[in-house]
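Note sheet for the following structure.
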Number of protein chains: 2
Amino acid sequence: MLATLRAMTAIRHSPKGAAKREEILETALEIVARLGYNGATIRNLADAVGLSKTGLLHHFGTKEELFVEILRRRDAEDLVAFEAALAQGHSIVEAFAGVLTRNANVPGLVQLYSRLAMEASDPNHAAHDYFVDRYREVRREIEGQVRAAVAEGRMTDSVAPEQLALIFVALSDGLQMQWMFDSGVEMGTQIEELFRALRLDALLE
Amino acid sequence: MLATLRAMTAIRHSPKGAAKREEILETALEIVARLGYNGATIRNLADAVGLSKTGLLHHFGTKEELFVEILRRRDAEDLVAFEAALAQGHSIVEAFAGVLTRNANVPGLVQLYSRLAMEASDPNHAAHDYFVDRYREVRREIEGQVRAAVAEGRMTDSVAPEQLALIFVALSDGLQMQWMFDSGVEMGTQIEELFRALRLDALLE
DNA sequence: GTCTATACCTAGATAGAC
DNA sequence: GTCTATCTAGGTATAGAC
């Protein structure tokens, strides 16, 4: 359950290899932030961690798998943060907006996610299945939280939970796209204001 | 005004060149639909229209400019269809959903748009400015239509027109993303249902 | 203006040695 | 686990033919 979102513990790696993997993942994110997605080439990544191109690929096989691993970890962290915010009494909108805001503050992450997702829309792409699973699981997670809130009387059921999950994800992805072309937007704040303006707060709090 | 969205008439081309340009644009869209965005390489496109790689590039300079030209034409057609639907008495939601549905029925177009937009999020990308302008103009167009509807008493002003424009575009982009991974969704229908479920129809009709 | 051939560069991936 | 060398694919610039 939620296998794609929750952390996948690396098992078959020596301590040295595991450490190098960590270093590569952190460096990759930093390079995407600094040089952009296009600048995050195998060569640049390899140089940054002091490896040859082949040396770097040894740890992940392909560039896509490396990137997917970064996103998998973000998913796991986001899930923890989302559920923690809810546990602290925040509304679903607030918890969701918090995740968005947090990610927007990690330069490169939004770009990495959006770019890779669109490339992976091709069914033959190595990361296609990851995104198919991820979308399904993210929607299911939100839908479940909505149902729980409805059951506890914290939310009306005038909107079908599946639809609400779909719209949450669509808004998140869509706001990120516009944000990438006009970074003045505070996505988290924006999504909260939008829901408030659209009277969704009445439904959701 | 709306220079990016409205059709740009080609001026400095002979009849022969103009015809070839048309053939290339139509073929490119067909190839994206059949082979996917990744399959739409310069070589494949050139083969399909019976030109050498350089011969094809002669007409557009770069691959990106070719793709942008396709999107520009779609924008122009969409704008016409959108305003025509409004003129026929449809609501903004209906007119907007109609455009979405129409585009979803042109295989390859959604993929072309989404892929190119994300690649162009890099400020150095050749198509970056096109998308910056496009987002601005699409929002402005929607915002203007909303204001007009408010002025005529066909819509409440409880939601700021700018915010409504932002959410329309975000929903559109976001739904397209999920649609690409789960094409069972009828985007146009979905967006109408969503707005209805979210009680936006009360605001918008 | 339309188009070809060639040559070049970058990027990702693979084979096989150490 | 890491390297060197090599392969492939894709995009583009140049020179020049018609």
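To find a chain, count down the sequence lines: A is the first, B the second, and so on, and within it residues start at 1. Since we're looking at a predicted model, the values are computed, not measured.
Regarding A:Asp47, its CG atom lies at a distance of 11 Å from the P atom of D:dC3, rounded to whole Å. The interatomic distance linking B:Arg115 (CZ) with D:dG10 (P) rounds to 13 Å, in whole Å. Atom CD in B:Glu65 sits roughly 10 Å away from atom P in D:dA13 (whole-Å rounding). Between the P atom of C:dC3 and the CZ atom of B:Phe60 lies a distance of 11 Å, rounded to the nearest Å.
A salt bridge is defined here as a Lys NZ or Arg NE, NH1 or NH2 lying under 4.0 Å from an Asp or Glu carboxylate O, and B:Glu22 with B:Arg73 meets this definition. Remark: B:Glu137 does not engage B:Arg140 in a salt bridge, criterion side-chain N to carboxylate O under 4.0 Å. Between B:Lys20 and B:Glu23 a salt bridge is recorded (basic side-chain N to carboxylate O distance below 4.0 Å).
In summary, of the residues considered (B:Arg72, B:Arg134, B:Arg102), a salt bridge (Lys or Arg N to Asp or Glu O under 4.0 Å) with B:Asp78 occurs for B:Arg102 alone.
Using a 4.0 Å heavy-atom criterion, one finds that A:Leu51 contacts the sugar-phosphate atoms exclusively.
Taking the six-membered ring where tryptophan is involved, the planes of B:Phe96 and B:Phe168 are perpendicular, since the angle between them exceeds 60° and thus also 30°.
Figure legend: B:Lys63 and B:Tyr37 shown as a cation-pi pair, the cationic atom lying under 6.0 angstrom from the six-membered ring centre and within 45 degrees of its axis.
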Worksheet item: Just by protein heavy atoms under 4.0 Å, how would nucleotides 11-18 of chain C read 5' to 3' in B, S and -?
Response: SBBBB---
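Contact check, B:His59 against C:dG1: no side-chain N or O comes under 4.0 Å of OP1 or OP2. For B:His58 and C:dC3, the shortest distance from a side-chain N or O to OP1 or OP2 is not below 4.0 Å.
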